[in-house]
Each structure stands twice: as structure tokens, then as C-alpha cells.
Amino acid sequence: MSSSKKAVVLLSGGLDSTTTLAIAKSKGFDCYALSFDYGQKQKSELNAAANIATQFDAKEHRIMKISLSDIGGSALTDDAIAVPDFVQSDEIPVTYVPARNTIFLSYALAWAEVLDCQDIFIGVNALDYSGYPDCRQTYIDAFETMANLATKQGVEGHKTSIHTPLIQLNKAQIIQQGLLLGVDYSKTTTCYQANEQGEACGVCDACEYRKLGFIEAGIDDPTRYQN
């Protein structure tokens with residue numbers, strides 16, 4: 001693959017998206033990292049994303065400012081809804097942000113078209129986050145179909161592909177793959193309520209899934225915790 005082949009990579013600064021960026025780079029793509037300041041309560045993930053984009057030599061890193069907090073409806077964006085401690089449940093959690101991946105992928109699609117780029121990477125993971133409707137392969141397939149109907153490059157025959165390299169991996173497998181590609185997970189921020197220094201709470205859903213991943217991978221957890 002030519003090193004000039006471009007990819008837009010959604011980058012939150014978390015474990016999954018960082019691994020996805022590392023995978024895209026390993027496949028020879030010139031990576032254009034896209035992050036969002038969308039009104040989330042904790043912003044330390046954006047600092048992590050900026051550092052990670054630099055580490056993996058992203059051609060460009062953009063942080064788009066949008067206001068999903070104006071809509072609310074999620075513990076991640078709405079001050080009236082607290083981030084809960086981890087509870088095992090099959091229900092869609094209150095940390096689900098309404099239509100977030102659809103919104104993020106739409107921005108990625110627009111930027112990809114400007115870049116003359118037909119590849120978009122997103123670190124969705126159906127196994128660990130089965131409660132999130134926008135992390136399923138059926139959803140990704142539907143978005144890809146829409147993308148190729150809705151864009152100039154799509155109707156002109158330049159097909160956009162949405163890559164989901166983590167979709168069938170568990171957290172341990174994701175961590176193992178990332179380590180092989182040089183990911184330093186101490187630099188990533190996964191917690192739903194990390195402090196300004198990026199230190200994790202250790203008790204939310206995201207922290208519990210992350211901790212379990214390191215245990216199952218047999219790797220010492222490098223996460224910085226608040227206490």
C-alpha cells in the first residue's frame with residue numbers, strides 16, 4: 001500500500017481509538033486524526049488525543065467543537081445526570097450519548113471528502129459495549145451504505161470504507177494488539193469522569209472494562225487513578 005493513501009481516524013484519546021490509530025498507521029495509511037470537544041464533562045481526553053496524534057505522526061489532528069451538551073440526555077454531557085458506578089446490565093447505559101457515533105462519523109465523512117480520502121477508521125467494539133446501538137457492525141454497514149449515497153465522491157464511484165478493526169475483539173485482545181504496535185496505554189484516558197490531570201476514577205463502566213482487559217491480558221495496568 002502506498003504511504004500516500006489517506007485515512008481519517010476518529011480519536012478520543014481512549015484505549016480503543018488509540019489502538020485503532022496505531023492499526024491504521026501500521027497498514028500504511030497517512031492518518032488524519034479527528035477529535036471532538038462535544039460538551040463532555042471531562043476534557044482531559046482531548047489533551048491525551050493531541051499527544052497521541054503527535055506520537056503516531058498524524059498528518060493533521062483536528063478538534064471539532066460541537067455542543068451535544070445543549071441536547072443533553074447522557075451522563076457524559078448532562079450535569080443533571082450523574083456518571084454511575086459500574087453495574088453489570090444488558091440495558092443501554094446512561095453514558096450512551098444520543099446518536100454520537102452517527103454525528104462523529106458524519107464529520108469524519110465530510111473531512112474525508114475534502115481530503116479526497118475514502119477510508120475512515122473508528123474504534124467501536126461490539127463485545128465490550130454491546131449495550132450501545134451505534135457500536136454494532138450492522139450499524140456501521142448501514143452508515144457506509146449511506147455514506148456512498150450521500151457524497152459527491154460516492155456517487156462518482158469513489159467508495160468510502162468504514163474500518164472497524166476492533167469490532168470483534170475483547171479488551172484483552174485490543175490491549176495485546178496495541179502493545180505490539182507501540183501503544184503506551186498510560187497516555188490514554190478512558191474514564192468517564194477523569195480529573196483535569198487525566199487520572200481515572202476507577203469505578204465507572206469504562207474503568208471496569210479497562211481494568212478487566214489488563215487483567216485478562218496478563219499486563220500490569222498502567223492507568224493513573226485518582227486514589
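The chain is numbered in sequence order, starting from 1. Only this structure's heavy atoms are used, side chains among them; waters, hydrogens and symmetry mates stay out.
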Q: Using a strict 4.0 Å threshold on nitrogen-to-oxygen distance, state whether D30 and K6 make a salt bridge.
A: no
Q. Does the pair L15 and Y185 meet the rule for a side chain to side chain contact (heavy atoms under 4.5 Å, CB included), with working shown?
A. CA-CA 7 Å; L15 185 152; Y185 287 111; 3.5 Å; yes
Q. Does the side chain of D141 pick up a donor-acceptor pair with the side chain of Q137 at under 3.5 Å?
A. yes
Q) Do T77 and Q40 have side-chain N/O donor and acceptor atoms under 3.5 Å apart? A) no
Q: Answer whether the closest heavy-atom distance between the side chains of K211 and T223 falls below 4.5 Å.
A: no
(Q) Could you tell me if T151 and Q153 have a donor-acceptor pair between their side chains, going purely by distance under 3.5 Å? (A) no
Q. Taking only residues two or more places apart in sequence or in another chain, which ones pass side chain to side chain contact (heavy atoms under 4.5 Å, CB included) with I71?
A. L68
**Q.** Residue pair S74, R100: steps toward the side-chain hydrogen bond (donor to acceptor under 3.5 Å, both in side chains) verdict
**A.** CA-CA 10 Å; S74 168; R100 181 175 64 177; over 6 Å; no
Q. So F104 and F36, would you call those rings parallel, tilted or perpendicular, with 30° and 60° as cut-offs?
A. parallel
**Q.** side chain to side chain contact (heavy atoms under 4.5 Å, CB included) evaluation trace for Q226 with E199
**A.** CA-CA 5 Å; Q226 293 171 23; E199 295 171 333; 3.7 Å; yes
Q.
Using side-chain heavy atoms (C-beta onward) and a distance below 4.5 Å, is I140 in contact with F143?
A. no
Q) Do the non-hydrogen side-chain atoms of H163 and I23 ever get within less than 4.5 Å of each other? A) no
Q: Could I get the full list of ring-ring contact (aromatic ring centres under 6.0 Å, His included) partners for Y225, not counting sequence neighbours?
A: none
Q: State whether D16 and K171 are salt-bridged, where the test is any N-O pair (Lys NZ or Arg NE/NH1/NH2 against Asp/Glu carboxylate O) under 4.0 Å.
A: yes
Q. Is the backbone N or O of N170 less than 3.5 Å from a side-chain atom of Q173, with the two atoms forming a donor-acceptor pair by type?
A. yes
